[in-house]
Colleague: 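The structure that follows is given in the form of C-alpha cells.
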Amino acid sequence: MPEGPSILILREETERFAGQRILRVEGNSKVDLQRLQGQRVKALRSWGKHFLIELEDVVVRIHLLLFGSYRIDERKDAAPRLSLGFANGELNFYGCSVQFLQPPLSEHYDWRCDTLADDWDAELALTKLQAMPATLACDAILDQQVFAGAGNIFKNEVLFRIRVHPLSPLGALPAGKLKELVSEVRQYAFDFLAWKKAFVLKQHWQAHRQSRCPRCAIPLSKAKLGRTQRQSYYCEQCQRRYA
DNA sequence: TGGTTTGTTGCAGC
DNA sequence: AGCTGCAACAAACC
C-alpha cells in the first residue's frame, strides 16, 4: 500500500469528506479519539506517506506503515484503529499509526520536499544531497527529509533507471548523475501514481522483485544494503558502482 | 504453506 | 549524550 502515490490516491478518494462534520468516532487507537467528535473537516491532505485530516483545532496524522489499510463506506473484520462517521459516508483505518498534530501544518511539513507536491523543489533536494556525500544512494532515496513519499520500490526502480549501483556514495556521483537521481525520483512518483491508478504498477517494475535484468538478462542481485537494510534489487553489470 | 514485505518508532544496550 | 540495532506492529502476496 503505502508509498507516497498510494497516499495521494487515498486523499483523492476521500475528498468528499472535506467540509463534513464528524458525527461518530471510534477505534482502538491509544490517542483520545473522542476529542474529534463534532469537528468539521477543513481539508484532507497528504505529505509523503502521511495522510492528514485537518480539523478545526487539531490535525489527525495517519501513517499506514507497512501493513496498514483503509476502507471507505465498508468495514473489514478486524477492529478499526480509527473509524470516522460522516453524514455522507464513513472512513475506516486499520493497523496504522494515529497521531495528533498541533496546527499550523506549516510548522510540521515542508511541501517542497513532497515528491508529488506542486511545490516540489528539485534544487532544494539537490542541495540536501550535496550536503551528505557519505550517504549511500540506496539510503538517500529512502530519506523522507529529502524525498518525502519515496519508498523501497522507488529506490530500486530509480537506481535501475539511472544505472547507479545502490552502494555508491553520493559524493562519488558526477554532478549530472546526482541531478538525474533527483529528477528520476520525481518522475517515478508520477509514473507510480499513474500505473497504480490503472492497476498496472507491478507489471512496470524493471528491478524491484525481479529475477533478471531487463537490459542484459543476467540475474539481478538481491541484498539488504545500507543503513536502512531494506531489500535492494540491482544489476551488477548495468548499474555502475561509483566509489 | 510460510516467508517476505510499498515503514516507522521506541527503547535497550553500548 | 548519542549512536545502533532490533522488536513490534499485523496482513496481503507469491
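A, B, ... follow the sequence lines: proteins, then strands. Residue 1 opens every chain.
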Colleague: If the C1' atom of C/dC9 is compared with that of B/dT1, how far apart are they to the nearest Å?
Modeller: 22 Å
Colleague: What is the distance, to the nearest angstrom, from the NZ atom on A/K202 to the C1' atom on B/dT4?
Modeller: 12 Å
Colleague: Just the table, please: protein N/O against nucleotides 7-14 of chain B N/O, every pair under 3.5 Å.
Modeller:
residue	atom	partner	partner atom	Å
B/dG7	OP1	A/K49	NZ	2.9
B/dG7	OP2	A/N152	N	3.1
B/dG7	OP2	A/R230	NH1	2.7
B/dG7	OP2	A/R230	NH2	2.6
B/dT8	OP1	A/H63	NE2	3.4
B/dT8	OP2	A/K49	NZ	3.3

Colleague: Once ring pair (Phe, Tyr, Trp, His ring centres under 6.0 Å) is applied, do any residues pair with A/H208, and if so which ones, sequence neighbours excluded?
Modeller: A/W205, A/Y233
Colleague: On DNA chain C, nearest-nucleotide positions of A/R81 versus A/R227: which is more 5'?
Modeller: A/R227
Colleague: Considering only residues two or more places apart or on different chains, which pairs with a residue in residues 12-39 of chain A satisfy ring pair (Phe, Tyr, Trp, His ring centres under 6.0 Å)?
Modeller: A/F17-A/F86
Colleague: For C/dC6 versus B/dT4, give the span between their P atoms, rounded off to a whole number of Å.
Modeller: 16 Å
Colleague: Quantified in whole Å, what is the C1' atom distance between nucleotide B/dT6 and nucleotide C/dT4?
Modeller: 25 Å
Colleague: With A/E236, which residues qualify under salt bridge (charged side-chain N to carboxylate O under 4.0 Å, His left out), at least two apart?
Modeller: none
Colleague: How would you list, by chain and number, every residue that makes a salt bridge (charged side-chain N to carboxylate O under 4.0 Å, His left out) with A/R112, sequence neighbours excluded?
Modeller: A/D110
Colleague: Base, sugar-phosphate, or nothing: which does A/K76 touch, judged by heavy atoms less than 4.0 Å apart?
Modeller: sugar-phosphate
Colleague: Mind checking salt bridge (charged side-chain N to carboxylate O under 4.0 Å, His left out) for A/R161 and listing every partner two or more places apart, or none if nothing turns up?
Modeller: A/E184, A/D191
Colleague: So, is A/R209 near the phosphate of B/dT6, with a side-chain N or O under 4.0 Å from OP1 or OP2?
Modeller: yes
Colleague: Would you check, one step at a time, whether the test salt bridge (charged side-chain N to carboxylate O under 4.0 Å, His left out) holds for A/R45 with A/D114?
Modeller: CA-CA 12 Å; A/R45 312 185 68 174; A/D114 181 343; over 6 Å; no
Colleague: According to the interplanar angle, ranging from 0 to 90°, do the rings of A/Y109 and A/W47 count as parallel (below 30°), tilted (30 to 60°) or perpendicular (above 60°)?
Modeller: tilted
Colleague: By the ring pair (Phe, Tyr, Trp, His ring centres under 6.0 Å) test, which pairs, at least two apart or in different chains, include something from residues 160-186 of chain A?
Modeller: A/H165-A/Y234
Colleague: What are the 5'-most and 3'-most nucleotides of DNA chain C lying under 4.0 Å from any heavy atom of chain A?
Modeller: C/dA10 to C/dC14
Colleague: Ignoring backbone atoms, establish whether A/Q231 has a side-chain N or O less than 4.0 Å from OP1 or OP2 of B/dT5.
Modeller: yes
Colleague: Respond yes when some side-chain nitrogen or oxygen of A/Y233 is under 4.0 Å from OP1 or OP2 of B/dT4, and no when none is.
Modeller: no
Colleague: Donor-acceptor pairs are to be reported for all side-chain atoms of residues 93-104 of chain A against protein atoms at under 3.5 Å, with residues two or more places apart or in another chain.
Modeller:
residue	atom	partner	partner atom	Å
A/Y94	OH	A/K76	N	2.9
A/S97	OG	A/R61	NH2	3.3

Colleague: Pairs under 3.5 angstrom only: tabulate donor-acceptor contacts from the side chains of residues 219-226 of chain A to other protein residues two or more places apart or in another chain.
Modeller:
none

Colleague: How is the base pairing of DNA chain B summarised as a dot-bracket string, given the Watson-Crick and G-U wobble criteria with both distances under 3.5 Å, [ ] for crossing and | for another strand?
Modeller: .||||.||||||||
Colleague: Could you tell me the separation between the CG atom of A/L8 and the C1' atom of B/dT6, rounded to a whole number of Å?
Modeller: 15 Å
Colleague: What pairs with A/E123 under salt bridge (charged side-chain N to carboxylate O under 4.0 Å, His left out), at least two apart in sequence or on another chain?
Modeller: none
Colleague: Determine the Euclidean distance between corresponding P atoms of B/dG3 and C/dA7; express it in Å to zero decimal places.
Modeller: 16 Å
